[in-house]
Amino acid sequence: MTKLWNISKYGIYTLSLKQKNTALELYNKEQKEAITFNGKHLLLLAGAGTGKTKTIVGRAAHLIENGTAAEKIQILTFTKRAASEIVERVKAGIPGRDAQALSGSTFHSWCNQLITSFPNLFGAANYTVIDSDDQLSLMKMACGNEKTGYGKIRIKPQQILDLFSFARNTRINLTETIRIQLHKGKDDSETNEEIEELRPVLELLIKEYQTLKMQQKYLDYDDLLLVVGNRLHKDEEARNILSKAYDYILVDEMQDTNPLQWYLLAPFEKICKLFCVGDDAQSIYSFRGADFQNVHSFTERVSDSEVKKLDKNYRSTQKILDISNWLLQKSPIGYNKKLTAHRGPGKTPVILNVANQFEEANYIAEKILKDFREGGKTFSDFLILSRSQYYTKPLQAVFLQKKIPYETYGGRKFLEAAHIKDVLAILRVINNPLDQIAWMRYLTFIHGIGEVRASSYLREILKLDTSKITGEALSGIIPGPEGGKIKAYYNAVNANKNNVKLAVSSLFKEMELDLALKYAKDWQEKRKGDFPVLEILAEHYSSLGEFITEGILDNSTGLGGTPVLEGSKIKTTENKDHVIISTVHSAKGLEADVCFVLNVSPKTYPSSYSLGSTEEIEEERRVLYVALTRAKNELIITRTTDSLNAHHSNAVTPTQNEEINSAYFLEGLPESLVIQERPQGSFSKSQDAKKANKIDLDFGFDFS
DNA sequence: GGTAGGCACTTTTTT
DNA sequence: AGTGCCTACC
């Protein structure tokens, strides 16, 4: 099965693609030892920039060149992008077909492949994988059916999903999950009473949600892992089958795996050899249940295991590492980590004090253009990192205006865009007629049909035997021109259901006018062009189900770039020279010559949402650490002074303000580590400038 | 009663 | 860019 969702993001890696991975002289002693490790299980602690990815690539190549069949190696990563990068680099290093069968996936996509490959083993066939939007719709349905119980409790469907997902990912029971997530872990009688009141209601709603999923043959993200994990734990036959399928599992970003992922991985300790790579200082996913016990307790949990370390940094110059090291040292947790550069001192990092986001955006744009025109740099030499996707909006506007090509990582995905989902809904319904979420979207897409009427039509549709559902039958249920449209859409796909591309293109022809009407505001400029892309994506799949699921499990097909068609291949801007704008969370593994870290201001680092618990603040610290260590030669940290006078957040008490300032990560930063700058021109020694200097307030902070 | 359209609001991080 | 809430129309 071809996976076109792996459209390469390798633009920035092409230079390193050519090197032969297994030429061991390319590696240092520690890397070599890891690559050629001959024991059973290995945990490799690899600090930022120490050649982690390179070593995984080398390990896979080494195994293949020493006789392991490529299909018996599974590489697991967090994003499809990371997986494809590793796989492509291994393939590039090994001539011929030996490495072609090498598989790299996310945990979720891997589980999906296993479930699909062994339908009898896992007992799931023809299911639909649902994304978070669909989960929310389904949870709303669950809550709607339980109005009595739900009405009393002030908890939103999204919160219920978050609690449930947290519980499943951490494998903690519901009571304790509520305690941790809603009561900050408190264990007193008042808390316990509240928990006892909430828990039964939640349980009821979650059970309803589970039932709805079962009825409609849905699997959500967590289900994918659980289905595989549960089977492996309970069933020896399953373990036997999979032990024949795999000899080695290579896990990237081990520090970000959660107990559910460990639950999935643990049976493989007996089945094959684990090679897990991670860095506890870069653990930034605890909101998703990541637990660095998976790293810290590795040797206790896994018999026949060893730990090795990589700590020589090849990415950054020393002055960039100095500020990164300083940040970690200030932590009350001992990370016991100090990166040393192998590339000399380099340039001192800059802190750029700006008045506001627009000044920040303009400064960055001007610097990039200047370096591009006069400094011999390409756009791909720049990486811009932000705490949140939302914050980069003004920057993107300025880039568009100044014609700086960029690509965003993180944020809304291609297949999550409303107009794409509208079209996919019809495919989904034909793939799985029990898919009520898709039915509702399909029906309410038609002008004149709202939620109420759609529900009643859907009730009629579901009464039909699934084999009796036809375009004709639908127009029998839905009268008038609306029914005619529904029928036409249905037939367009149904007549071509064995040719996904044709299904998509004929459906689009039917829907185009209505789509243009619904999205009149930005149809021509923004949305219309996505459909040729969708058709070409579709071309690479042999069934509707595969197309829908692979799309949902992939996050690499961002909508940020302008997709361009070139022959039969999609070319997106990502293949051209462009700046990368990314959230820190999506930037793991990335690096760039010049790196901007946006808005390192109080309230953002750490985020004011995280104040209150040391664990959360420390996670924020690691987020900043990850950001700082992306830079190879130039690090520019910006900080906005108007974030201090928070007009947007209305009620900040003086005490809170003090807390915000004292928790601020750059507070107390030694002068020698950075150069403070202000943009030239519009920004002079005004009042704003004075505010900028006030950020380093000297408040002590007692973490004990 | 049901639907569509307009307005205001709001955004941590992701599979 | 999406969602929730209100209002005006069928």
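What you see below is based on every heavy atom in this structure, not just the backbone, and it leaves out hydrogens, waters and symmetry mates. To find a chain, count down the sequence lines: A is the first, B the second, and so on, and within it residues start at 1.
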Rounded distance in Å - CG (A:N169) to P (B:dT13): 18 Å

Measure from CG on A:D222 to C1' on B:dT14 and round the result to the nearest Å. 12 Å

Return the value, rounded to whole Å, for the distance between atom CD of A:Q135 and atom C1' of B:dT14. 12 Å

By salt bridge (charged side-chain N to carboxylate O under 4.0 Å, His left out) - contacts of A:E620 (at least two apart): A:R387

With DNA chain B as reference, determine whether A:K521 or A:F287 sits nearer its 5' end, using the nearest nucleotide of each. A:K521

Starting from P on C:dT3, measure out to CD on A:E416 and report it in whole angstrom. 11 Å

To the nearest Å, how far apart are A:R168 CZ and B:dT14 P? 21 Å

So with a 6.0 Å cut-off around CG of A:N126, is the heavy-atom count from everything else above 12? no

Anything under 30° is parallel, anything over 60° is perpendicular, the rest tilted; go ahead and classify A:Y541 against A:F547. tilted

Atom pairs under 3.5 Å: protein N/O with N/O of nucleotides 1-5 of chain B:
from: B:dT3; atom 1: OP1; to: A:G450; atom 2: N; distance (Å): 3.0
from: B:dT3; atom 1: OP1; to: A:R453; atom 2: N; distance (Å): 3.1
from: B:dT3; atom 1: OP2; to: A:V452; atom 2: N; distance (Å): 3.0
from: B:dT3; atom 1: O5'; to: A:G450; atom 2: N; distance (Å): 3.4
from: B:dA4; atom 1: OP1; to: A:G448; atom 2: N; distance (Å): 2.4

What's the CD-C1' distance between A:Q158 and B:dT14, to the nearest Å? 12 Å

With a non-hydrogen cut-off below 4.0 angstrom, is A:F107 in contact with a base, only sugar-phosphate, or nothing? nothing

Spacing between A:R288 atom CZ and B:dT14 atom P, to the nearest angstrom: 9 Å

What is the nucleic acid contact for A:Y391, judged by heavy atoms within less than 4.0 Å: base, sugar-phosphate only, or nothing? nothing

Is it true that the NZ or CZ of A:R288 lies under 6.0 Å from the centre of A:F166's six-membered ring and within 45 degrees of the ring axis? no

B:dT14 OP1/OP2 closer than 4.0 Å to side-chain N/O of A:S586: yes

Sequence-distant partners of A:D514, salt bridge (charged side-chain N to carboxylate O under 4.0 Å, His left out), two or more places apart: A:K485

According to the side-chain hydrogen bond (donor to acceptor under 3.5 Å, both in side chains) rule, which pairs have a member within residues 441-453 of chain A, sequence neighbours left out? A:D422-A:R441

In whole angstroms, how far is the P atom of C:dA1 from the CZ atom of A:R527? 7 Å

Which atom names give the shortest non-hydrogen contact between A:S103 and A:V87, and what distance separates them? C-CG2, 4.1 Å

Categorize A:D522 for me: base, sugar-phosphate, or nothing, with a 4.0 angstrom heavy-atom threshold over every strand shown. sugar-phosphate

Need one value for A:R622: base, sugar-phosphate or nothing, where a base atom within 4.0 Å counts as base even if backbone is also close, heavy atoms only. nothing

Check nucleotides 7-12 of chain B against the protein and report each pair of N or O atoms closer than 3.5 Å, with its distance, or say if there are none.
from: B:dT12; atom 1: O2; to: A:R387; atom 2: NH1; distance (Å): 2.8
from: B:dT12; atom 1: O2; to: A:R387; atom 2: NH2; distance (Å): 2.3

Can you sort out the partners of A:D131 under salt bridge (charged side-chain N to carboxylate O under 4.0 Å, His left out), two or more places apart, ordered by chain and number? A:K421

Any Lys/Arg nitrogen of A:E253 or A:K52 sitting under 4.0 Å from an Asp/Glu carboxylate oxygen of the other? yes

